[in-house]
Amino acid sequence: MNTLAPTYQKLRGGYYTPAGIAEFLAQWAIRSSENKVLEPSCGDGSFVEQTIKRLATIGASAEAIPNLVKGIELDPYEAEKVIEKSNSLKIKLGAESIITGDFFGYALDHLFNNQTFDVVLGNPPFIKYQNFVEEYRTIAFDLMKRIGLSPNRMTNIWVPFLVISSMLLDEKGRLGMVIPAELFQVDYAAETRVFLSRYFNKLTIITFKELVFDDAQQEVVLILGERNAENNHGIRTVEIENVEALKNLDLSAIDSIPPKPLDHTSEKWTKYFLETEEILFLRKLKEHTLLTMSSDVIDVDVGVVTGQNKYFVLSQEQINKTQIGTSTERIVGRSNHLQGTIFSENDWVSNTEKGYPSYLFYPDNVDIEYLPEEDKAYISLGESLKVNEGYKCSIRKRWYIVPSVRVPDAFMLRQVHEYPKIILNEAGATCTDTIHRVRFINGHDPRSVSAAFLNSLTFAFAEITGRSYGGGVLTFEPSETERLPLPLVGADNLDMGHIDQLLRNNDIEAVLDITDKVLLIDGLGLSVEEVIILRGIWNKMKNRRINRKKRKKKQEVNK
């Protein structure tokens with residue numbers, strides 16, 4: 001018995017495939033009573049159960065089915081469940097059909113020996129890279145490298161499951177898998193997107209408006225891949241309400257859905273939620289000669305990593321109590337502490353009056369004996385609370401000195417509800433790592449850039465450049481904010497003060513009416529109709545992710 005199996009199983013998260021998904025994928029993928037089917041990560045056997053039912057329905061005999069089904073499961077207890085399910089269907093699956101062991105090890109033994117399958121079905125473990133057992137990671141990455149891919153240590157486990165499973169298909173094989181929606185948007189999956197779009201000439205992606213797993217904020221999609229399909233090549237997306245809606249999804253009608261144009265680049269797949277005309281329009285616009293990439297205008301970095309905000313970031317009341325006010329710097333702790341597009345002196349004072357944590361404990365970078373008594377007392381308090389033992393603090397020369405404290409030119413929200421923005425820093429504050437720090441480069445005027453960032457074109461590209469998980473927010477890494485196109489022609493004609501006030505009044509549409517006219521119509525030469533398309537793209541993508549969060553809340557209320 002593999003002693004790593006219980007740990008591995010625990011890390012899987014326990015989110016087993018709803019029967020409706022397993023049944024749908026089995027019916028779609030298995031077309032012949034002679035199809036050989038692989039399930040690379042059986043779990044409790046949902047896919048194996050539906051595979052047996054499907055094969056029996058289309059004519060496979062009870063004697064033939066064990067030779068057609070191959071399941072791999074690391075956890076022997078879960079493997080027993082699979083065999084029990086098959087027995088309840090009067091199909092005897094033995095050790096040759098349900099293999100207890102690591103999928104990657106099995107693939108290593110069989111992938112290059114020409115053992116292929118007509119169908120691969122599955123729901124691979126959603127284990128993050130931090131918990132990817134090194135023994136299995138080594139084998140998985142070696143296999144990926146053999147086929148020309150370059151995984152890194154940020155790669156989550158579902159990626160090699162998906163790629164290696166695909167490689168086990170025959171020339172006309174079909175793959176049906178439940179995959180995290182991050183396939184569409186994270187940088188570490190970029191190479192996987194390119195691989196899939198080249199390996200399968202026909203891909204159907206089914207998405208859900210509601211979250212599939214009630215107990216997880218993980219959005220998933222169904223990937224239906226066809227190797228060497230004869231027609232309708234490309235990527236098509238089908239969005240349905242929930243798992244129940246799969247019952248009414250006509251399998252034959254999927255082929256009639258117009259495909260989206262395949263793009264063999266690492267470009268994110270979030271764009272495939274759009275219509276073909278919208279996709280092509282954005283690709284065309286991205287090449288507009290008057291657009292400026294944000295990386296030529298701003299340098300974006302993460303905020304201050306304190307190690308424990310609760311200790312290092314204090315309110316005015318805490319400052320008065322501890323008397324450490326002379327050893328502090330101004331700081332913004334949360335994105336909702338930033339209003340409008342200008343963070344002024346009055347805004348910072350207002351935050352302190354509201355009781356927001358607005359001070360960073362930042363004593364002189366000297367040994368503790370040289371610090372004021374008030375600082376010594378506060379540091380001793382931190383040690384009694386074991387703040388110094390936290391990882392981020394423990395690796396510092398002096399645990400109480402927060403590194404990389406600098407005042408940025410502006411702030412940018414790391415997590416966005418409706419729209420991204422650049423907020424000018426006129427209060428001389430820094431920020432925690434819930435907010436990004438912005439520095440303007442190459443001599444560009446900060447007020448013009450901040451105002452110009454608010455337009456329908458940049459917002460539309462932000463929706464397909466950032467990443468959105470089950471919670472409905474749009475998240476940006478610094479590198480992603482630097483990949484946004486900006487229309488700067490005419491930006492010096494925008495009234496920053498007026499725009500700031502409109503945003504404080506929560507009137508983003510009025511802002512866009514102003515900026516789109518100045519930047520997109522007058523500056524880029526776009527037509528009113530084209531601007532309407534861009535505004536529609538932004539609203540469509542924004543509403544899709546926000547409404548998913550609202551549906552989740554509604555489900556919780558109804559429980």
Side-chain angles (χ1 to χ4, degrees), residues 301-415 417 421-439 500-501 503-504 506:
D301 193 10
V302 296
V304 171
V305 179
T306 67
Q308 188 180 117
N309 287 349
K310 187 176 180 180
Y311 172 81
F312 284 101
V313 184
L314 301 96
S315 66
Q316 183 67 63
E317 181 181 0
Q318 291 172 302
I319 292 295
N320 295 339
K321 182 178 179 180
T322 58
Q323 295 295 303
I324 58 171
T326 57
S327 297
T328 62
E329 295 287 341
R330 294 181 175 188
I331 195 168
V332 182
R334 297 182 180 178
S335 58
N336 61 359
H337 297 172
L338 295 167
Q339 302 297 316
T341 56
I342 301 173
F343 184 64
S344 67
E345 178 73 16
N346 288 339
D347 289 321
W348 185 81
V349 171
S350 176
N351 283 351
T352 63
E353 292 174 347
K354 292 175 182 176
Y356 294 161
S358 302
Y359 295 89
L360 173 70
F361 178 50
Y362 192 59
D364 291 337
N365 191 2
V366 297
D367 290 339
I368 190 170
E369 61 262 30
Y370 299 110
L371 292 173
E373 292 302 317
E374 295 83 2
D375 291 1
K376 291 179 183 178
Y378 193 65
I379 292 169
S380 295
L381 173 63
E383 290 174 347
S384 70
L385 297 172
K386 300 187 184 303
V387 176
N388 58 310
E389 296 180 11
Y391 175 71
K392 294 292 185 182
C393 295
S394 67
I395 61 176
R396 299 171 186 162
K397 179 180 179 181
R398 298 183 176 96
W399 74 265
Y400 48 84
I401 301 298
V402 175
S404 185
V405 176
R406 60 177 176 79
V407 175
D409 298 331
F411 307 109
M412 183 178 287
L413 305 185
R414 179 176 178 270
Q415 292 191 319
H417 176 58
K421 60 180 178 178
I422 296 175
I423 305 99
L424 299 179
N425 181 18
E426 296 184 355
T430 188
C431 62
T432 65
D433 59 350
T434 60
I435 302 165
H436 293 324
R437 291 180 288 188
V438 177
R439 179 172 64 91
D500 176 65
Q501 193 57 53
L503 285 190
R504 291 173 187 265
N506 199 30

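Remark: the backbone N or O of Asn346 is not paired with any side-chain donor or acceptor of Ser350 at under 3.5 angstrom. In this structure, Thr432 contributes its side chain and Gly333 its backbone to a donor-acceptor pair below 3.5 Å. Proximity of a side-chain donor or acceptor of Thr430 to a complementary backbone N or O of Ile331 within less than 3.5 Å is not detected.
For the atom pair OG of Ser358 and CD1 of Ile319, the computed distance is 9.5 Å after rounding to the nearest 0.5 Å. From Gln318, atom CD reaches atom OG1 of Thr328 across 12.0 Å, with rounding to the nearest 0.5 Å. Distance CZ/Phe343 to NE2/His337: 9.5 Å, rounded to 0.5 Å. The structure places CG of Leu338 at 5.0 Å from CD1 of Ile423, a figure rounded to the nearest 0.5 Å. Annotation: the span from Gln339 atom CD to Asn351 atom CG amounts to 8.5 Å, rounded to 0.5 Å. Between Ser327 atom OG and Phe361 atom CZ the span is 6.0 Å, to the nearest 0.5 Å.
The minimum heavy-atom distance linking Pro403 with Arg396 is given by the pair CD-NE, 3.5 Å. Asp375 and Pro363 make their closest contact through OD2-CB, 3.7 Å (heavy atoms, listed as atom of the first residue, atom of the second, distance). The heavy-atom pair separating Pro408 from Val438 by the smallest distance is CB-O, 3.6 Å. Heavy-atom minimum distance, Asn365 versus Arg398: OD1-NH1, 2.9 Å. Annotation for Ile379 and Tyr311: closest pair CA-OH, 3.4 Å, computed over non-hydrogen atoms. For the residue pair Phe312 and Cys393, the shortest heavy atom distance occurs at CE1-SG, 3.9 Å.
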Evaluate side-chain contact (heavy atoms from CB on, under 4.5 Å) for Thr434 paired with Arg414, printing each intermediate quantity in order.
CA-CA 6 Å; Thr434 60; Arg414 179 176 178 270; 5.9 Å; no

Please step through side-chain contact (heavy atoms from CB on, under 4.5 Å) for the pair Phe411 and Asn425, ending with a clear verdict.
CA-CA 7 Å; Phe411 307 109; Asn425 181 18; 3.5 Å; yes

Under the criterion side-chain contact (heavy atoms from CB on, under 4.5 Å), I'd like the reasoning laid out for Tyr378 against Leu314: C-alpha separation, chi angles, the key distance, then a yes or no.
CA-CA 12 Å; Tyr378 193 65; Leu314 301 96; 3.3 Å; yes

One pair to check against side-chain contact (heavy atoms from CB on, under 4.5 Å): Asp409 and Leu424. What are the steps and the verdict?
CA-CA 6 Å; Asp409 298 331; Leu424 299 179; over 6 Å; no

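Residue Glu345 qualifies as enclosed at atom CD: its count of foreign heavy atoms under 6.0 Å is above 12. More than 12 heavy atoms of other residues, nucleotides or ligands lie within 6.0 Å of CG in Asp367, so this atom counts as buried by the packing criterion.
Between Lys421 and Leu413, the closest side-chain pair of non-hydrogen atoms falls below 4.5 Å. For the pair Glu383/Trp399, a side-chain contact is recorded, criterion being any heavy-atom separation below 4.5 Å from C-beta on.
The aromatic ring centres of Tyr359 and Trp348 sit less than 6.0 Å apart.
Using a cutoff of 4.0 Å between basic side-chain nitrogens and carboxylate oxygens, Arg504 and Asp347 are scored as salt-bridged.
With Asp301 as the partner, the side-chain contact (heavy atoms from CB on, under 4.5 Å) test is satisfied by one option alone out of Arg437, His436, Arg439: Arg437.
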